[in-house]
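To keep things clear, I will list the structure first and then write my remarks on it.
We count ligands from 1, going down the list as the structure has it; atoms in each ligand are counted the same way.
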Amino acid sequence: MSATTEVARHPMKDWVPSTRTLLIGGEMQDPQGETWDVVNPATEEVIATVGGASSAQVDAAVAAARKAFPAWAALSGEQRSAHIHRFADVLEKAADKLLPSIVNEVGTPVSLAEYLQVKMAVDEHLRWAAEAAKVDRTVHLGGYDKPHPTESDVVHQPVGVVAAITGYNYPLNLAIFKFGAALAAGCTVVLLPSPRTPLTTLLLGELIQEAGLPAGVMNVVIGGADVGQQLSSHRGVDRVSFTGSDAVGAKIMEQAARNLTGVTLELGGKSPSIVMPDVDVTKIAVEMHLRWSRNGGQGCAALARLLVHESKYDQFLEAGAAAFDQMVVGDPWDPATNIGPMIRPDHKARVLGFIDEAVQVGGTKLLEVTKPLPEKGYFVNPVLLGDLPHDARAVQEEIFGPVAVVLPFKDTEDAIRLANDTAYGLAANIWCDDPVEARRVAEQVRAGTVWINGGGAMRPDAPFGGYGRSGVGRELGEWGMKEYLEVKHIQWRV
Ligand code: NAD
């Protein structure tokens with residue numbers, strides 16, 4: 001069967017959620033704020049017109065979350081766990097809707113989205129959070145004798161109302177990373193997705209109702225920067241958890257600072273992948289290129305800064321050509337496609353601007369896809385840039401598109417210096433055949449996640465987050481849970 005036939009046959013290819021209501025205090029409410037169009041980035045077609053929350057509706061969502069908080073926090077961990085598992089059951093059953101919703105609003109190729117955008121989020125991360133709800137985190141400190149004998153416990157209590165604000169590239173994952181842990185901790189949530197990809201989150205509102213979560217425990221609003229601003233500076237919000245760009249992350253921190261509200265910020269990166277001289281580059285080059293270009297390069301931890309030992313540089317470029325042959329840019333519904341579109345024309349223009357500027361300052365397109373692009377859709381052909389100084393903008397800044405840069409290094413200390421020479425520190429990878437040396441380098445690289453030889457899947461029990469401009473705090477695992485918990489010391493005389 002040809003790929004085209006499969007595309008034509010996909011039963012949900014044109015499906016988008018019809019939910020346009022917000023979820024506030026257990027009620028589906030018509031939006032009263034501004035309206036805008038949602039565009040499918042692969043076809044440029046308007047697939048929905050949505051309305052955002054008015055300022056009064058944002059206040060109402062926060063008030064509903066506050067009202068629901070005491071009872072939700074008072075449930076046992078087992079009870080909250082059961083609620084979250086039930087919610088995961090509903091999401092699992094709705095996977096056939098979540099998938100097309102995400103493919104059509106984000107443009108992620110269906111081949112990738114099925115696991116990375118849906119299954120992983122629900123089966124692994126939300127289920128893990130449901131189990132984490134049951135954990136008793138009380139620590140008994142034992143006795144302390146000055147000035148008289150006492151004993152102490154440290155207990156953890158939910159912080160309260162969480163504003164969860166997400167970026168566009170993984171709407172379901174990013175939401176689940178936040179509300180999974182927040183609900184498990186005993187917090188209540190107001191969820192705000194990116195205005196560019198609101199449809200999956202609106203559908204989530206309906207599924208929250210279906211799962212029977214108590215009214216107000218999870219609220220869904222949509223809107224632009226003004227709604228994000230109102231939420232992050234709201235006196236009724238106890239914690240802001242944000243995923244997005246470092247520029248907006250800095251604004252969120254300022255806005256939250258007005259009330260001294262704590263923030264968790266999951267921001268961008270310019271993550272390096274280091275190729276040590278002992279590695280057979282013919283075995284890894286293809287994997288490396290197919291990885292940074294995943295989701296059209298619209299991944300926060302994309303390893304798009306390739307640092308290759310000078311002795312292997314030429315061979316690495318030669319071996320990489322096969323990857324560019326395997327890159328299929330186009331219709332996300334075609335199972336053969338592995339590179340979808342950029343989210344909007346302005347983002348496409350920004351990505352192309354990086355490429356043009358790199359060439360103007362002396363950079364070279366060392367490898368690229370040159371096949372004609374579809375007539376419609378915000379597609380960009382992948383490019384590997386080289387011959388750039390390390391302070392070039394294309395090397396230092398997050399491009400968030402199918403563009404990587406490669407630089408040679410002289411020795412390991414040079415590689416570590418270059419790896420650490422950006423404002424970011426989200427992720428890194430080290431290709432190295434010597435496990436002791438790989439570990440030594442991993443310890444030296446300033447990044448929240450360091451993979452050795454490609455690492456593995458995103459673990460729900462491991463922390464994720466960044467150094468420097470890549471963020472504040474951590475998501476996932478016990479570290480992610482702690483972002484939603486206050487720590488209390490209880491001491492008594494004995
Ligand atoms: P963005 O920063 O443009 O927008 C993110 C969200 O912020 C949107 O919902 C937007 O409405 C809201 N917003 C905008 N201005 C605001 C303001 N003043 N106050 C409050 N909210 C405001 O990000 P994006 O383009 O949607 O996502 C891409 C970025 O996200 C990239 O930088 C990427 O690296 C990052 N990202 C990070 C992670 C991570 O886990 N570290 C994961 C995915 C994406």
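- The protein heavy-atom contact nearest to atom 41 (N) of ligand 1 is Leu267 O, 2.8 Å.
- Below 30°, between 30° and 60°, or above 60°: for His125 and Phe177 the angle between ring planes is between 30° and 60°, a tilted geometry.
- Ranking the protein heavy atoms by distance from atom 42 (C) of ligand 1 puts Cys300 SG, 3.0 Å first.
- If you look at Ser470 next to ligand 1, there are no close heavy atoms at all, none under 4.0 Å.
- Looking at Glu398 next to ligand 1, an N or O pair under 3.5 Å apart turns up.
- Here atom 5 (C) of ligand 1 lies nearest to Phe242 when heavy atoms of Phe177, Tyr168, Phe242, Tyr170 are compared.
- Atom CZ of Phe464 and atom OG1 of Thr243 lie 9.0 Å apart (nearest 0.5 Å).
- Using a 4.0 Å cut-off between a side-chain N of Lys or Arg and a carboxylate O of Asp or Glu, Asp123 and Arg127 do not qualify as a salt bridge.
- Contacts of Ile252 with ligand 1, taken as heavy-atom pairs under 4.0 Å, involve the side chain alone.
- Under a 4.0 angstrom heavy-atom cut-off, Val227 registers as lying outside contact with ligand 1.
- Atom CZ of Arg393 sits in a crowded spot, with more than 12 heavy atoms from other residues, nucleotides or ligands closer than 6.0 Å.
- In this structure, Trp292 and Phe324 have tilted ring planes: the angle between them lies in the 30° to 60° band.
- Atoms CG and OG, from Leu174 and Ser194 in turn, are 10.0 Å apart once rounded to the nearest 0.5 Å.
- By the 6.0 Å contact criterion, NZ on Lys251 is open, its count of non-hydrogen atoms from other residues, nucleotides or ligands being 12 or less.
- Protein heavy atom nearest atom 12 (C) of ligand 1, with residue, atom name and distance: Ile165 CG2, 4.1 Å.
- Taking the six-membered ring where tryptophan is involved, the planes of Phe87 and Phe179 are essentially parallel, since the angle between them stays under 30° and well short of 60°.
- For the pair Gln209 and Met28, the minimum side-chain heavy-atom distance is below 4.5 Å.
- Here is the list of ligand 1 atoms found below 4.0 Å of a heavy atom in Arg196: 3 (O), 24 (P), 25 (O), 26 (O).
- The 12-atom threshold is not exceeded at NZ of Lys97, counting heavy atoms of other residues, nucleotides or ligands nearer than 6.0 Å.
- Counting non-hydrogen atoms of other residues, nucleotides and ligands closer than 6.0 Å to CZ of Arg459 gives a total of 12 or fewer.
- Counting heavy atoms closer than 4.0 Å to ligand 1, residue Ile343 contributes nothing at all.
- Residue contacts with ligand 1 for Lys251 involve side-chain atoms from C-beta outward but no N, CA, C or O (heavy atoms, distance under 4.0 Å).
- Taking distance alone, with nitrogen or oxygen atoms compared against 3.5 Å, Gln255 approaches ligand 1 more closely than that limit.
- In Asp246, neither the side chain nor the backbone holds a heavy atom less than 4.0 Å from any atom of ligand 1.
- Every atom of ligand 1 with a heavy atom of Leu426 under 4.0 Å away is listed here by number and element: 41 (N).
- Checked options Leu303, Ile430, Val450, Leu418; the residue passing with Ile274 is Ile430 (criterion: side-chain contact (heavy atoms from CB on, under 4.5 Å)).
- Close contacts of ligand 1 with Gly268, meaning ligand atoms under 4.0 Å from a residue heavy atom, involve 32 (O), 34 (O).
- Judged by the 6.0 Å and 45° rule, Arg291 forms a cation-pi pair with Trp451.
- Counting only non-hydrogen atoms, the option in Gly244, Ser245, Ser233 that gets closest to atom 2 (O) of ligand 1 is Ser245.
- For the residue pair Gln230/Ser55, the side-chain donor-acceptor check at 3.5 Å is satisfied.
- Among the atoms of Gly269, none of the N or O lies under 3.5 angstrom from an N or O of ligand 1.
- Which parts of ligand 1 touch Gln229 is read off a 4.0 Å heavy-atom cut-off, strictly below it: atoms 19 (N), 20 (C).
- For atom 11 (O) of ligand 1, the choice among Pro193, Pro195, Gly228 with the nearest heavy atom turns out to be Pro195.
- The contact set between ligand 1 and Asn169, taken as ligand atoms under 4.0 Å from a residue heavy atom, comprises 43 (C), 44 (C).
- Contact annotation for Leu174 and ligand 1: only side-chain heavy atoms (C-beta onward) come within less than 4.0 Å of the ligand.
- The nearest heavy-atom contact from the protein to atom 8 (C) of ligand 1 is Thr166 O, 3.7 Å.
- Nearest non-hydrogen protein atom to atom 28 (C) of ligand 1 is Phe400 CE2, 3.5 Å.
- Scanning the protein for heavy atoms near atom 13 (N) of ligand 1, the closest one is Val248 CG1, 3.6 Å.
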